[in-house]
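What follows is a single structure, and I will ask about it in a moment.
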There are 2 protein chains.
Amino acid sequence: MSDKKEMLLPNLSVQQLEYLLAAASNKTRAAAAQQLGVTPSALTQGLTELERRVGLTLFERKGRSTVLRPQAKEVLEYARRVVAETKDLTYWAQAQREGTSGQIRFGAIDAIAVHHRASEIREFHESFPNVDLRLTVAPSGPLLEALLEGSLDLVACVEPEVVSEDLISEVFLEEPLLIYAPKEKTTKANQNWGPWVSFPQGSHTRRIIASALAALGVSYEVTAESNQPEVLAEMVRLGLGWTVLPPAQANTGIDPLIPIKKKPLTKRRLVLIRRSSAPLDPAMQTLVNYLKKIEP
Amino acid sequence: MSDKKEMLLPNLSVQQLEYLLAAASNKTRAAAAQQLGVTPSALTQGLTELERRVGLTLFERKGRSTVLRPQAKEVLEYARRVVAETKDLTYWAQAQREGTSGQIRFGAIDAIAVHHRASEIREFHESFPNVDLRLTVAPSGPLLEALLEGSLDLVACVEPEVVSEDLISEVFLEEPLLIYAPKEKTTKANQNWGPWVSFPQGSHTRRIIASALAALGVSYEVTAESNQPEVLAEMVRLGLGWTVLPPAQANTGIDPLIPIKKKPLTKRRLVLIRRSSAPLDPAMQTLVNYLKKIEP
DNA sequence: GTTTATTATTAAGAAATGCTAAATATAAGG
DNA sequence: CCTTATATTTAGCATTTCTTAATAATAAAC
C-alpha cells in the first residue's frame, strides 16, 4: 500500500465527491446514503477511501453521528466546484447529443450555398442558433482536401470521379448543364461550337463538360478560365467564347444568358460527403436532412 | 448498459481526465501512454470509458494516429480545470499533513495565555504564520465544555476532578498557590484566617483551594467573587479579605502582594486536553510541543 | 440500571472496473 | 510484399467497490 509509480495526483472520482457533499448536507450518514441510493456501508467505505486518497482525516465522531472536521472545509469547497462543473459538462454534452448544440464546419460550392440551398441553410441556422455553423465556400477540389485533412466536417460539392475510402458520399441533387453562346452565334450549327470559356483545370464540373462534349465529338478548346460562374457568363456576353453552365448561374444579373437549346448538354450530380471515421454528429445529421429537404 | 438508478452525474475520475490531457498534448497515444507510465492499451480503454461516460465521441482516427474532434475542446477545458484544482488541493493537503498549515482552535485560561506560555504561543505564531491559530481565553469549565462540544480543538486549563472518556489529558505544568492577606493582618495566626475572596463557584482552582484549606481545618467563607485574578488581588489590597492565588497573578501591578508564607498552601496542575476522537493534527502536535517546551 | 432503537463500522463475498500482455487491425515506407 | 510504427481488441488477472450480514457504539426509553 504505497505510491506505485509517481503519486502525482490522487485518483478522486466524481462519485466520491458526491458522497462527501451528501454526507456534509445530511445530518446522518444513513440519510445521506438514502439520498444517494446506496447503503450506509458503501458510503462509509467510499468516504474512508476518499480520506485515504486526500491524505487527511475529514470526519470525526460526535455522539452517534459523524461531523466534518474544520479542515474539511477546503475539500468540501473543492468538491462543490468540481461537482458543479461536472453538472455543467453533462448538460452541455446532452445538448451536443441531441443536436441542439455543437459545431459544424460545412463546406459548399457556390451554386449550393448561394442558389440551391441558400434558404435551407439560413433556415437551419435560425432554427438552431446554438449550433455553431461555419460555412466555407470554395470549389469542389479544395473542399474535399479540407474534408480529408480534417478541417471540414461536411462538404456539398460536385460528385468526384473517385471518392476516397475514408469518405461517405450521397447524391442529393442533380443539376442540368446548358450551353450558352454569344448572341450573334446562337443559332449556328454544331460543328462551329466554341471556342470555350470554362472553369479551370481540375474543376469537377469542367471534367464533366469535357467528357460530354467529347462524347458528341465536339472539340473543347478553352481560351479563358475562371472559377466564378458570373465571370464566365460575362465573358460570353462580351463575345469571348461559349460556355456550359447550370441555368441557376447563367440567369443571374440584368442580362441573363439564353441557352442555345433547352435540352441540357449533360448534368452534374451534387453530393454530400463526410468522413466515415467521424461518427454521426446529430447536429450534422439535422443539417443533412435540411439539405436533402427531408424535414421531420 | 443503461442508467442503473438515476444517472445524475457521470462518475468521471481524475485519472481519466489525466489520460485525456496526456492524449491531447502528445502526438501519439504511445507517447502519451509512456508519459503516464501505462500501456497504450490501458490508455485506449480508459479513454473509451471516458467517452462512454461523457456520452460523446471525442477522438477520431487521422492516418494512423487519433486526433481530438472539435467537440472535445470543452471537455478538455473541463479536464484542465479539474486537474488544476486537484493539484492545488493536493498541495494544500500536504501542507496540512506537515503541520505547516492548518487551523487550531486553542482555548487557555488567562494564567497560561498571559503569563506562563505567552512567549511560547507568540513564538509558535511567528514560526508558523500559515497556521490559523485561534485563541480563546476563558475559565477552565467553559473551555472544557467547548472542547467537548467541538468548538475547540485543544485546551490548556486547570486539571479537572474527573475527565470525560472522550478526552485525553496531560499535565504539563505545576503551579504553587500562595495565601495573600491584607497588609495589617499579614502576620496573624492561622485560626484567624479569612474571610476570603476567590473565584466563583464551579471554578477548578477554587475547588482545589477549598480542598486544601479544609484539610488544614480552616473555614472557607467566601465574601466576594471574581473570575479575574487582578480583581481578587485588588480586593485584598482594599482589605476586603484574604485570597489564594498563584504568584504569577498576585505579583502584577505596581503594588504586588506579599504572601503570608513562602510555602505554598497547595498547588494546581495545569493540563493540556484534546478530544480522543480527533486524530492527531500535526500542527496541533507542534503547538503542544511548544507549550510543553519540547522543541525539536 | 437495563433494554431498545438508531447509527456507524467492519467482514465477507460478489460484481465491476482497470490493468498487463498477447494477438489483431491499420497505416506508412521501403 | 515486407517491415515498422501505431492503435485497438481480447483474455486473464488484480484491484476496487458494492451489497448483505454481523458487530460496535450511542442515545433514548423504560
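Since the model is a prediction, treat every value here as computed from it, not as a measurement. Each chain gets a letter, A, B and so on, in the order the sequences are listed, and its residues count up from 1. Computed over heavy atoms, backbone and side chain alike; hydrogens, waters and symmetry mates excluded.
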Ring-face cation contact, B/F59 with B/R29, 6.0 Å cut, 45° max: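 Yes, B/R29 lies over the aromatic ring of B/F59.
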Nearest-angstrom distance from the residue atom CG of A/L17 to P of D/dT17: 13 Å
4.5 Å side-chain heavy-atom contact, B/V83 and B/E18: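 They are in contact (side-chain heavy atoms under 4.5 Å apart), so the answer is yes.
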N or O in side chain of A/R64 less than 4.0 angstrom from D/dA28 OP1/OP2: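 For D/dA28, neither OP1 nor OP2 has a side-chain N or O of A/R64 closer than 4.0 Å.
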Side-chain N,O (A/Y19) to OP1/OP2 (D/dC18) below 4.0 Å: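 A/Y19 to D/dC18 OP1/OP2: side-chain N or O found under 4.0 Å.
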Sugar-phosphate, base or nothing in reach of B/T28, heavy atoms under 4.0 Å: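 Result for B/T28 = sugar-phosphate.
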Flag for A/R61-A/T66: side-chain donor and acceptor within less than 3.5 Å: no
Contact under 4.0 Å: A/T39 side-chain N or O vs D/dT19 OP1/OP2: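 Answer yes for this pair, as a side-chain N or O of A/T39 is under 4.0 Å from OP1 or OP2.
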Touch class at under 4.0 angstrom, heavy-atom based, for A/A30 against every strand present: sugar-phosphate
Below 4.0 Å: OP1/OP2 of C/dT9 and any side-chain N or O of A/T44: yes
Value in whole Å for how far the P atom of D/dA25 lies from CZ of A/R61: 8 Å
D/dA7 OP1/OP2 closer than 4.0 Å to side-chain N/O of B/Q45: no
Separation of atom CZ in B/R52 from atom C1' in C/dT17, rounded to whole Å: 11 Å
Touch class at under 4.0 angstrom, heavy-atom based, for B/T66 against every strand present: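 Here B/T66 touches the backbone only, sparing every base.
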Residue from A/E74, A/E51, A/E60 passing salt bridge (Lys or Arg N to Asp or Glu O under 4.0 Å) with A/R69: A/E60
A/Q16 CD to D/dT16 P, straight-line distance once rounded to whole Å: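 Atom-to-atom, A/Q16 to D/dT16, this comes out as 11 Å.
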B/R29 vs C/dT26: side-chain N/O to OP1/OP2 distance below 4.0 Å: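 False: B/R29 side-chain N/O out of range (4.0 Å or more) of C/dT26 OP1/OP2.
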Nearest listed nucleotide, side chain of A/S41, among C/dA8, D/dT8, D/dA21: D/dA21
